Amino acid sequence: MAGQIIDGVAAARKVRAELKTRVETLKRRGVQPGLAAVLVGDSPASQLYVRNKSRACDEVGLHAEVHRFPADVGERAVLECIRELNANPRIHGILVQLPLPRHFDTQTVVQAVAVDKDVDGFNWCNLGALLGGTCRFAPCTPSGVMRLLDENSIAIAGTNAVVVGRSVIVGRPMAMMLLARDATVSICTSKTRNLDEYTRLADILVVATGRPGLITAPMVKAGAAVIDVGITRTAEGRFAGDIDFDGVRGKAAYLTPVPGGVGPMTVAMLLANTVKAAERFASAAVPR
Ligand code: NDP
């Protein structure tokens, strides 16, 4: 029997509807949550991502602004912009659209975002807090995956979870979040020997490598929940995930599609973090 497709579009719509109510409450208190995006260069992919995020902000009632810089801008100008945004009371969340051009030190720029406006959850303080289980802003993609698991009532505690990919923005925080929910977690990388020996043990398999079709049906445990984070644009211009969708669907109990799985949830969780930041701001500004 074919596995159930996890509908990230519908789950993201539900998150946005919940957020709309919270935004209305905030507006009644005189606070409109504001998200600022910093966009350097003219990569069509980055422009598309920022456009999608701005559109999602409009839908939920968030103020959104984009600070654009040419690809050859110096790092100092971008850092100055971030400093101003850090001090701007209308802005509660700041995102730096990645990747930055090669002449940038990405971490210098990303770490310049104030911890309490770091709605991407990439600041070392927020990532470090994740280790301790007290995270203020968790990175959006793994947060979105956790929400998808919960929305589909997929048990986490006591399961074997395998995360393929160890990037700081997806794989590592993903593993920490699963661990915090009492899964037994393995992390696999490009150096892992016999990857299939790990993936076949997984009750929950999260794959974030950017290698289209890396995971095939024989690598998946029957009845597993399989989450495809990868998204790669093929030469034909379509989007491909890391998982052989058609093959794995016959074996997994749950499977996310690409597109329409994790991607929409990433944007929804960015909005959720921004609303959370604005709520914290409102609580601090108005003594109760
Ligand atoms: P990175 O390139 O930073 O990391 C990729 C990871 O995959 C690395 O840890 C790498 O291992 C591992 N890897 C590569 N090849 C293999 C292999 N053959 N076997 C096992 N592990 C492998 O990518 P990101 O984490 O930033 O993104 C991963 C994918 O997720 C990309 O397709 C990206 O576009 C997508 N993505 C999607 C999002 C969404 O919202 N849907 C959001 C963010 C990312 P090693 O460390 O050893 O090099």
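All residue numbers in this chain count up from 1 along the given sequence. Note that ligands are numbered from 1 as they come in the structure, with each ligand's atoms numbered from 1 the same way. Since this is a predicted model, take the numbers as computed values, not measurements.
Closest of all the heavy-atom pairs between A138 and L130 is CB-CD1, 4.4 Å. Considering all non-hydrogen atoms of both residues, A277 and H92 come closest at CB-O, 3.3 Å. Closest approach of A282 to L26, counting heavy atoms only: CB-CD2, 3.7 Å. Among all heavy-atom pairs drawn from C140 and T266, the shortest one is CB-O, 3.5 Å. Closest approach of Y198 to N194, counting heavy atoms only: CD1-O, 3.8 Å. Annotation for I91 and G93: closest pair CG2-O, 3.3 Å, computed over non-hydrogen atoms.
Of the protein's non-hydrogen atoms, the one nearest atom 44 (C) of ligand 1 is V170 CG2, 4.0 Å. Regarding atom 29 (C) of ligand 1, its nearest protein heavy-atom neighbour is G210 N, 3.6 Å. If you check which protein heavy atom lies closest to atom 34 (O) of ligand 1, you get I231 O, 3.1 Å. Among protein heavy atoms, atom 25 (O) of ligand 1 sits closest to S167 OG, 2.5 Å. Here the protein heavy atom with the shortest distance to atom 15 (N) of ligand 1 is R211 NE, 3.3 Å. Annotation: atom 2 (O) of ligand 1 to nearest protein heavy atom, T209 O, 4.6 Å. Nearest protein neighbour of atom 20 (C) of ligand 1, counting heavy atoms only, is T189 O, 3.0 Å.
Residue contacts with ligand 1, taken as heavy atom pairs separated by less than 4.0 Å, involve V229 via backbone and side-chain atoms alike. Of the heavy atoms in T141, only side-chain atoms (C-beta onward) come closer than 4.0 Å to ligand 1. At a heavy-atom cutoff of 4.0 Å, ligand 1 is contacted by both the backbone and the side chain of R166. Residue-level proximity to ligand 1 for L214 is carried by the side chain, the only part with a heavy atom below 4.0 angstrom. If you look at T192 next to ligand 1, there are no close heavy atoms at all, none under 4.0 Å.
Put simply, part of A208 is less than 4.0 Å from ligand 1, judged by heavy atoms.
Considering backbone and side-chain N/O atoms, I169 never comes within less than 3.5 Å of an N/O atom of ligand 1. In terms of polar-atom proximity, defined here as any N/O pair under 3.5 Å, T266 does make such a contact with ligand 1.
Contact annotation for atom 32 (O) of ligand 1: protein present (non-hydrogen atoms, distance under 4.0 Å). Note that atom 27 (O) of ligand 1 has no protein non-hydrogen atoms nearby, at separations under 4.0 angstrom.
Here the options are N126, N273, N123, the test is side-chain hydrogen bond (donor to acceptor under 3.5 Å, both in side chains), and the partner is D118; only N126 passes.
When the options P99, S190, G263 are ranked by their closest heavy atom to atom 10 (C) of ligand 1, first place goes to S190.
Atom numbering of ligand 1 starts at 1 in the shown order; those under 4.0 Å from a heavy atom of G165 are 6 (C), 7 (O), 9 (O), 12 (C). Close approach of ligand 1 to V164 (heavy-atom distance below 4.0 Å) involves ligand atoms 20 (C), 21 (N). Each of the atoms 29 (C), 30 (O), 32 (O), 35 (C) of ligand 1 lies under 4.0 Å from some heavy atom of G230.
Neither side chain, T256 nor D228, offers a donor N or O lying under 3.5 Å from an acceptor on the other.
If you chain together hydrophobic residues whose side chains sit under 4.5 Å apart, I215 and V170 never meet in one group. Tracing side-chain contacts under 4.5 Å through hydrophobic residues (I, L, V, M, F, W, Y), one never reaches F122 starting from Y49; they form parts of separate clusters. If you chain together hydrophobic residues whose side chains sit under 4.5 Å apart, I5 and V207 fall into the same group.
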One pair to check against side chain to side chain contact (heavy atoms under 4.5 Å, CB included): M219 and E197. What are the steps and the verdict?
CA-CA 8 Å; M219 301 171 79; E197 287 180 9; over 6 Å; no
Could you walk me through whether Q97 and Q47 pass the side chain to side chain contact (heavy atoms under 4.5 Å, CB included) check?
CA-CA 9 Å; Q97 185 61 46; Q47 300 211 33; over 6 Å; no
